[in-house]
Amino acid sequence: MHQKLRETLQEIEDDDILKQLIGWFQDIVDGTIGQELETRSLQGLRITHARKGFLRSEFAVPSLAADVEGNWHGGAIAILMDAVGAVAVYSAFHHVVKSVDFSISHYSTAKIQDEVVVEAKVVGNHGKVVQVMMEARMKGNGELIALGKMWVALNNFAITTASKL
């Protein structure tokens, strides 16, 4: 298992697929694989609890994920929530997912080096469409920073009807 993962992960189910998934996710956080934008937005993320359908992580907001005023950037929040949400879904269903609906409500902000707890939990399963909720809170006082909701389609799902929007 990835050395950094062993050092940071406090609690994980005894599930080989879940351990491999978390190791893969840690490689994205470390910048070994994936895109630079993901690495910048997830820099320093530590997974503290993982089980099927649930992921808890802690994060100190890095300067690379902040705006010019030192606030955690909304785009960086979205990237992080999308990533932890997708990992939570994959941990439950062992399928690659595609986001079909993604929304975030922002309630407050975090500054550079503020400690944040980010959780993702699968809350609904409607066949090949799954819902996951993500929330980011200040570690010290539990103040809600952002709440996200994402509907994802499991791998072989295709939308055949065009939107009328």
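All values below come from the heavy atoms of this structure, side chains included, with hydrogens, waters and symmetry mates left out.
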### Asp101 side chain to Ser103 backbone, donor-acceptor under 3.5 Å
no
### Task
With sequence neighbours excluded, tell me which residues meet side-chain contact (heavy atoms from CB on, under 4.5 Å) with Glu143.
Ser108, Met138, Asn141
### Contact list for residues 51-81, test ring pair (Phe, Tyr, Trp, His ring centres under 6.0 Å), sequence neighbours left out
His49-Phe54, Phe59-Trp72
### Task
Report yes if the side chains of Pro62 and Ile112 come closer than 4.5 Å at any heavy-atom pair, otherwise no.
no
### Query
Name the one of Asp30, Val118, Ile28, Leu37 that satisfies side-chain contact (heavy atoms from CB on, under 4.5 Å) with Leu42?
Ile28
## Note on the structure
Residues Leu55 and Phe25: closest non-hydrogen pair is CD2-CE2, 4.4 Å
### Task
Return yes if some donor-acceptor pair links the side-chain N/O of Ser41 with the main-chain N/O of Leu80 below 3.5 Å, else return no.
no
## Note on the structure
side-chain contact (heavy atoms from CB on, under 4.5 Å) filter on Glu115, not counting sequence neighbours, yields Arg46, Ala60, Lys139
### Task
Run the numbers on Leu154 and Val130 for side chain to side chain contact (heavy atoms under 4.5 Å, CB included), then give the verdict.
CA-CA 8 Å; Leu154 301 178; Val130 176; 4.2 Å; yes
### Query
What's the spacing between Lys149 NZ and Met81 CE if we round to 0.5 Å?
13.5 Å
### Message
Could you see if Val116 belongs to whatever hydrophobic cluster contains Ile104? Use Ile, Leu, Val, Met, Phe, Trp, Tyr and a side-chain cutoff under 4.5 Å.
### Response
yes
### Query
Which residue pairs pass the ring pair (Phe, Tyr, Trp, His ring centres under 6.0 Å) test when at least one of the two sits in residues 130-155, sequence neighbours left out?
His126-Trp151
### Task
Kindly indicate, with the supporting measurements, whether the criterion side chain to side chain contact (heavy atoms under 4.5 Å, CB included) is fulfilled by Ile22 and Gln26.
CA-CA 6 Å; Ile22 300 304; Gln26 188 65 54; 5.5 Å; no
### Query
Who passes side-chain contact (heavy atoms from CB on, under 4.5 Å) against Ala120, sequence neighbours left out?
Val84, Ala88, Val132, Met134
### Task
To the nearest 0.5 Å, tell me how far Leu147 CG sits from Glu135 CD.
6.5 Å
### Message
If I compare all heavy atoms of Arg51 with all of Ser91, which pair ends up nearest, and what's the gap?
### Response
O-OG, 3.5 Å
### Task
Any chance you could lay out the side chain to side chain contact (heavy atoms under 4.5 Å, CB included) test for Ile47 and Arg56, step after step, and finish with the verdict?
CA-CA 6 Å; Ile47 299 163; Arg56 178 181 298 125; over 6 Å; no
### Task
Could you tell me which residues satisfy salt bridge (charged side-chain N to carboxylate O under 4.0 Å, His left out) with Glu69, sequence neighbours excluded, listed by chain and number?
none
### Query
Sub-3.5 Å donor-acceptor pair from the side chain of Thr109 to the main-chain atoms of Asn71, do we have one?
no
### Task
Looking only at non-hydrogen atoms, find the nearest pair between Lys111 and Val61 and report the distance.
O-CB, 3.4 Å
### Message
Before you tell me yes or no, could you show the steps for Val100 and Val152 under side chain to side chain contact (heavy atoms under 4.5 Å, CB included), namely the whole-Å CA-CA distance, both residues' side-chain angles and the distance that decides it to 0.1 Å?
### Response
CA-CA 5 Å; Val100 293; Val152 297; 5.8 Å; no
### Query
What's the spacing between Lys52 NZ and Tyr90 OH if we round to 0.5 Å?
12.0 Å
### Query
Between Ser99 and Met150, what is the shortest heavy-atom contact and its length?
OG-SD, 3.3 Å
### Message
If hydrophobic clusters are built by linking Ile, Leu, Val, Met, Phe, Trp and Tyr wherever their side-chain heavy atoms come under 4.5 Å apart, do Phe102 and Val97 end up in the same one?
### Response
yes
### Message
Check this for me: does any side-chain nitrogen of one of Arg40 and Glu38 sit under 4.0 Å from a carboxylate oxygen of the other?
### Response
no
